[in-house]
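A quick write-up on the structure given underneath.
Order of the sequence lines sets the chain letters (A, B, ...), proteins ahead of strands, with each chain counted from 1.
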Number of protein chains: 2
Amino acid sequence: MKISEVSKIYDIPVDTLRYYEKEGLIPTVNRSQSGRRDYTQEDCNWVEFIKCMRSAGVQIDALAQYVKLFVQGDDTIEQRKNILVEQRKKLEEKIKEQRKTLALLKAKIENYESVVLDAEKNLK
Amino acid sequence: MKISEVSKIYDIPVDTLRYYEKEGLIPTVNRSQSGRRDYTQEDCNWVEFIKCMRSAGVQIDALAQYVKLFVQGDDTIEQRKNILVEQRKKLEEKIKEQRKTLALLKAKIENYESVVLDAEKNLK
DNA sequence: GTAAAACTTAAAGCCGACTTCAAGTCAAGC
DNA sequence: GCTTGACTTGAAGTCGGCTTTAAGTTTTAC
């Protein structure tokens, strides 16, 4: 599969796909004789995985480290798991923080709504 | 209150406090005759609010816009509310996205755990 | 067969959000 | 009274994560 097709399917700019590969977020993609990328299904699975992780803010470094270990083989399974566990923890904490902010936002909005209601009362 | 005290209380670097003020995330803080910042309780409330919003990734622009409207007075109540509503929506979507990623992470981790278990079985 | 579109790499540029630096003024403790 | 540390501003630097540019090659459509 060509890079433009992968770009379309996963809605990721071709430049970003190349950038991800350069940074090691995806194992190296095979090239045709003329040097063009030819994505396999496995490559696509990586792209999908990385897209999901990046959408939640998982850092480039952590993902590159994970892929590096993956490429090294089965001896790195424990280390890879540890990376995922760490990211899970980070993400859980982030969500917790955001729920707090969300609660504050909701309270403020309610406050604005009651202010508006009071203003309307005074008009009557 | 001096900037160093505010910095300590809210655990925000003094440089960041000055930066936030410069960018309009906090209404201008009063100065002493010698030009030094003297934070009131209200200023501190702003700092706390901004800290919470920033911790959830609410953008500088949106917060600056909110403060700008606040300073303009009561005619901007509706607009201010709209900013908060928009940010609430963004945050809800972000949390939703992250929960998806969290689910994927958890599934992967479980998978690694069963791989490790299987490996142990083979050792027996 | 030729022109337009898609691909390649390496390097530079950009954006948001700080962070550090330079050069100076002021305040508090001894 | 003088030194040390906290403060001031404006400008430059940094960092993560892309995005754009330049300069070239290959494929595709007509």
Close residues, residues 48-71 of chain B, relative to DNA chain D [heavy-atom separation under 4.0 Å]: none
Are A:Gln41 and A:Asn45 linked by a side-chain donor-acceptor pair shorter than 3.5 Å? yes
Value rounded to 0.5 Å, distance of CD in A:Gln79 from CG in A:Leu69: 5.0 Å
Which residue pairs satisfy the side chain to side chain donor-acceptor pair (under 3.5 Å) criterion with at least one member in residues 15-27 of chain A, sequence neighbours excluded? A:Glu21-A:Arg31, A:Glu21-A:Arg37
Is any side-chain nitrogen or oxygen of A:Arg37 closer than 4.0 Å to OP1 or OP2 of C:dT9? yes
Can you list, by residue number, the residues of residues 15-35 of chain B that have a non-hydrogen atom closer than 4.0 angstrom to DNA chain D? B:Arg18, B:Arg31, B:Gly35
Pairwise distance CZ(A:Arg88) to NZ(B:Lys108) - rounded to 0.5 angstrom: 14.5 Å
Tabulate below the donor-acceptor pairs under 3.5 Å that side-chain atoms of residues 57-67 of chain A make, not counting sequence neighbours, or state none.
{"from": "A:Gln59", "atom 1": "OE1", "to": "A:Lys90", "atom 2": "NZ", "distance (Å)": "3.4"}
{"from": "A:Tyr66", "atom 1": "OH", "to": "B:Tyr112", "atom 2": "OH", "distance (Å)": "2.6"}

According to ring pair (Phe, Tyr, Trp, His ring centres under 6.0 Å), who are the partners of A:Tyr10, at least two apart in sequence or on a separate chain? none
Which atoms form the tightest heavy-atom contact between B:Cys44 and B:Met1, and what is the distance? SG-SD, 4.1 Å
Note down the inter-axis angle between the two ends of the helix from C:dG1-D:dC30 to C:dC30-D:dG1, five pairs each, to the nearest 10°. 10°
Shoot me the first and last contacting nucleotide of DNA chain D against chain A, ordered 5' to 3', at under 4.0 angstrom to non-hydrogen atoms. D:dG17 to D:dT27
Set of residues satisfying side chain to side chain contact (heavy atoms under 4.5 Å, CB included) with respect to A:Ser32, sequence neighbours excluded: A:Ser34, A:Arg36
Taken in chain and number order and not counting sequence neighbours, the residues that satisfy side chain to side chain contact (heavy atoms under 4.5 Å, CB included) with A:Thr101 are B:Cys52, B:Met53, B:Ser55, B:Ala56, B:Leu91
So salt bridge (charged side-chain N to carboxylate O under 4.0 Å, His left out) across residues 41-60 of chain A, not counting sequence neighbours, yields none
With sequence neighbours left out, which residue pairs that include part of residues 75-94 of chain B fulfil the ring pair (Phe, Tyr, Trp, His ring centres under 6.0 Å) condition? none
Return the NZ to CD1 distance between A:Lys94 and B:Ile95, rounded to the nearest 0.5 Å. 11.5 Å
With sequence neighbours excluded, tell me which residues meet ring pair (Phe, Tyr, Trp, His ring centres under 6.0 Å) with B:Phe70. B:Trp46
Whichever of B:Arg36 and A:Asp38 has its nearest DNA chain C nucleotide further upstream toward 5': A:Asp38
